Amino acid sequence: MENPHLLPPQATPGEVITFHSHQGGAGRSMAVANTAMLLAGRAHATSPVLMVDWDLEAPGLHQYFPPMADGPGLLELFTACRDQLQRRGRRAVAQDDAEQARAVLDAVGWQRYVVRADQGRPLYLMRAGRFDAGYAERVAALDWEALFHQCPALFRCFAEMLARQFRHVLVDARSGRSDSSGICTTLLPTRLVLLFEANRRSLEGLQALVQRATTYRRSHEDEQRPLLIYPLPTRTDMDCSAQRALCRRGDPATGLPGYQPLFEQVLGEAYGIARPSLESYFDEVQLPQSRSLARGERLAVRGEPVADRFSATRSYEALLGWLAGGHPPWQSRREIPLLAAVAQSRRAVEAGGAYSMMLARDLFRLGLLYADEGRSAAAVLALRESVELHVKVVGEEHLETAAAKALLARALLQEDELDQARILLRCVVETRTRLLGGEHPDVLEACSAQAVALARQGYAEAALDRQEEVLQIQMRLLGPEHLLTLASLAARAAIHYQCGELELARQAQEQVLAVRARLLGAEHEETLRVGAALAQTLARMDEAASPQLHYGLAAQQLVQPFGQSPLQAPVQRSTPRPALASGHAGSAPAGGAAGVTLRGPGVEQVQACYEEPYPLQRAEAVREQVLPEDTPAPRA
């Protein structure tokens with residue numbers, strides 16, 4: 001039988017991943033076994049994986065694998081560590097705590113307690129212990145708290161030793177609250193997977209656990225290490241979409257907490273992130289309820305011939321998309337491969353390859369994703385660097401450079417960086433006009449964005465005149481019912497609304513709503529959007545029942561009277577326009593387009609934005625050694 005101490009050490013330390021559930025019956029051991037099988041099969045089965053069964057009261061991880069000879073395991077290992085510490089006594093007083101921990105682990109030879117679990121893959125197991133007649137008595141006799149106080153660095157050093165030998169170390173931690181589960185969830189892992197069924201008791205228990213673990217890790221000087229947390233819904237009913245949505249989103253009427261908003265709040269507080277979104281993550285990662293796997297010890301990754309979207313194997317593989325690469329769950333599924341492409345292109349540039357343009361394009365795609373997701377600050381960071389690289393490689397007078405500038409201007413508008421957005425848009429309009437002609441759709445799109453920027457800065461007359469120019473060209477070239485024409489008319493209505501010209505805004509919105517409802521349907525996203533804008537206008541004019549009118553319902557109701565109306569000619573302004581908060585109505589702002597300087601974070605800050613780790617919010621370190629489970633929860 002292969003001994004793991006003969007395996008070559010990892011070039012970089014591996015990851016220690018703890019699987020924990022607040023309540024039993026969540027399928028924790030099965031999740032560990034399935035995940036370990038998938039990880040051990042990756043990279044042509046060359047990355048060694050270790051499973052550690054730390055559920056000493058109800059061990060069962062070994063049952064998912066072929067029968068193996070009974071032998072010592074985790075219980076015997078730490079019993080030997082306890083005896084070693086007692087024998088050392090005063091001799092260990094002068095030693096550094098970590099140095100003493102490593103000496104003890106070397107003396108007991110932790111490798112002797114590991115066996116191979118699968119002959120076809122580099123998969124290893126540290127059993128809970130030797131299951132003889134005295135097993136229960138030995139479990140009761142091992143005092144984890146006393147062991148921790150004897151050598152507080154013991155468990156941290158144990159995790160570090162395992163990570164040097166194995167690419168992934170998966171710990172099956174005991175459910176609930178106990179000294180041993182506190183060690184597994186707080187001291188050992190670099191990543192923590194929290195399995196739960198969507199009930200109040202389980203969610204509240206895991207919420208408290210996250211607060212305890214993160215508070216301990218960020219407040220103790222020796223424990224301020226990266227820790228990524230991954231909530232994992234289990235036993236999800238795939239037959240009832242309404243029930244799944246109720247469990248995920250919650251029900252304010254009954255006070256049922258939804259697990260997604262709960263974990264978004266908890267993780268946002270732990271990592272100091274404003275409004276993290278777990279939407280994409282929970283779209284992909286939900287373990288289904290499987291009657292065929294509910295009993296016995298059959299692994300899904302071995303028993304399912306096809307890993308379709310409703311299979312357990314598909315869910316485990318989706319989890320690994322975030323877990324194995326160290327991507328936090330608030331990164332979207334589309335973001336992960338784009339970040340990988342940016343990192344690969346950046347390495348090529350640093351190695352001296354001529355791939356700057358590839359990096360520029362990858363950053364552009366990443367910035368486009370961030371802009372589409374409403375993450376304008378992240379979009380600005382990526383797009384600033386993309387613009388700089390485009391200018392460096394292909395120059396200012398290039399359509400790709402203009403596209404990068406236009407997208408950056410869009411993100412800057414969202415960040416209220418109006419001066420920079422306006423100057424960039426002027427560059428874009430001038431470049432595209434020279435290269436494409438003044439009536440090209442891309443030129444008109446940039447002109448419409450200019451109108452938005454002008455309106456936001458208070459130049460009402462200039463904004464409406466600019467938008468009117470765009471609309472007239474589109475009416476002539478595309479016709480009154482083209483979708484681009486409708487979009488420009490809706491944009492003009494938005495400027496009217498911002499200026500307080502509610503009647504003009506209402507007329508334009510009704511025109512757009514009528515045609516979109518007929519062409520796209522009453523339930524189309526674009527139809528509902530203009531319906532929402534019209535409902536808001538009517539509410540402000542006191543012509544709707546209530547400002548709280550549900551926009552989607554308002555759109556459907558408002559579509560009916562206008563469903564077959566033709567698009568009217570552009571409305572004419574007949575009343576003076578009130579001045580906005582700043583700017584001078586009727587005059588365009590000054591400012592040249594040449595020699596644009598992009599102010600803001602440099603390339604090194606952009607790169608840091610994409611790099612690991614994701615640190616917990618730091619607190620003042622305390623030197624008192626306290627067992628993690630006894631750490632008080634943070635004050636609200």
Side-chain angles (χ1 to χ4, degrees), residues 1-8 14 16-19 24-77 109-136 138-139 162 165-174 193 195 234 287 290-307 311-317 319-320 324:
M1 181 175 296
E2 182 179 351
N3 195 318
H5 80 271
L6 299 177
L7 295 174
V16 180
I17 308 169
T18 291
F19 286 69
R28 186 191 65 248
S29 296
M30 179 180 287
V32 171
N34 279 289
T35 305
M37 285 286 292
L38 290 173
L39 287 171
R42 290 191 164 193
H44 305 289
T46 58
S47 296
V49 177
L50 173 66
M51 301 172 291
V52 180
D53 192 345
W54 214 299
D55 188 357
L56 303 186
E57 285 73 12
L61 191 55
H62 61 285
Q63 295 174 348
Y64 290 97
F65 301 94
M68 56 191 76
D70 196 10
L74 185 84
L75 175 60
E76 287 75 24
L77 168 63
W110 63 266
Q111 296 93 339
R112 299 189 299 110
Y113 301 90
V114 175
V115 296
R116 188 155 189 171
D118 190 290
Q119 298 304 312
R121 311 180 192 210
L123 182 59
Y124 298 83
L125 171 67
M126 181 178 286
R127 297 163 56 115
R130 180 183 285 111
F131 306 130
D132 55 17
Y135 175 78
R138 295 198 304 278
V139 169
L162 297 183
Q165 196 79 47
F166 297 93
R167 185 68 193 91
H168 299 282
V169 179
L170 277 58
V171 179
D172 186 3
R174 184 186 179 190
V193 178
L195 294 91
T234 66
L287 285 177
S290 175
R291 294 183 179 87
S292 62
L293 300 174
R295 299 176 181 177
E297 287 75 39
R298 184 169 65 86
L299 295 181
V301 298
R302 282 175 170 165
E304 291 179 336
V306 178
S311 70
T313 301
R314 170 65 177 78
S315 296
Y316 289 122
E317 288 176 340
L319 173 65
L320 289 181

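Everything quoted here is computed from the prediction, not taken from an experiment. These values consider heavy atoms only, across backbone and side chains, with no hydrogens, waters or symmetry-generated copies.
- Here the shortest heavy-atom pairing between Ser47 and Arg167 reads CB-CB, 3.9 Å.
- Remark: Ala133 engages no residue in a side chain to side chain contact (heavy atoms under 4.5 Å, CB included) (not counting sequence neighbours).
- Distance CZ/Arg121 to OG1/Thr46: 12.5 Å, rounded to 0.5 Å.
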* To do: Go through Leu75 and Val139 one step at a time and tell me if the side chain to side chain contact (heavy atoms under 4.5 Å, CB included) criterion holds.
  => CA-CA 7 Å; Leu75 175 60; Val139 169; 3.6 Å; yes
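- Inter-residue side-chain proximity for Leu77 and Met126 is flagged as met; some heavy-atom pair is nearer than 4.5 Å.
- For Pro66 against Ala117, the heavy-atom pair with the smallest separation is CD-O, 3.8 Å.
- Across every non-hydrogen atom of Thr18 and Ala173, the tightest pair is CG2-CB, 3.8 Å.
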* Does the pair Arg42 and Leu320 meet the rule for a side chain to side chain contact (heavy atoms under 4.5 Å, CB included), with working shown? -> CA-CA 11 Å; Arg42 290 191 164 193; Leu320 289 181; 3.5 Å; yes
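- His168 NE2 to Leu39 CG: the interatomic distance, rounded to the nearest 0.5 Å, is 4.5 Å.
- Nearest approach of Pro48 to Tyr124, heavy atoms of both residues: CB-CE1, 4.4 Å.
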Determine all donor-acceptor pairs shorter than 3.5 Å in which one atom belongs to a side chain in residues 51-62; sequence neighbours excluded.
from	atom 1	to	atom 2	distance (Å)
Asp53	OD1	Asp55	N	3.2
Asp53	OD2	Gly60	N	3.2
Asp53	OD2	Leu61	N	3.2
Asp55	OD1	Ala58	N	3.3
Asp55	OD2	Arg28	NH2	2.8

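- Judged as a side-chain hydrogen bond (donor to acceptor under 3.5 Å, both in side chains), and not counting sequence neighbours, Thr234 has no contacts.
- Atom CG of Leu125 sits about 7.5 Å away from atom CG of Leu50, to the nearest 0.5 Å.
- Between Thr313 and Met37, the closest side-chain pair of non-hydrogen atoms is not below 4.5 Å.
- The two residues Pro122 and Ala40 come nearest to each other via the heavy atoms CD-O, 3.5 Å.
- Arg130 pairs by the salt bridge (charged side-chain N to carboxylate O under 4.0 Å, His left out) definition with nothing, not counting sequence neighbours.
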* To do: Begin with the C-alpha distance, continue with both residues' side-chain angles, and end with the deciding distance and a verdict on side chain to side chain contact (heavy atoms under 4.5 Å, CB included) for Trp110 and Leu162.
  => CA-CA 9 Å; Trp110 63 266; Leu162 297 183; 3.5 Å; yes
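- Here the closest heavy-atom approach between residue Tyr135 and residue Ala128 is recorded as OH-CB, 3.6 Å.
- The distance from atom OH of Tyr316 to atom CE of Met30, rounded to the nearest 0.5 Å, is 6.0 Å.
- Legend: salt bridge (Lys or Arg N to Asp or Glu O under 4.0 Å) pairs involving residues 60-73, not counting sequence neighbours, sorted by first then second residue: Asp70-Arg127.
- To the nearest 0.5 angstrom, Leu170 atom CG is 4.5 Å from Phe19 atom CZ.
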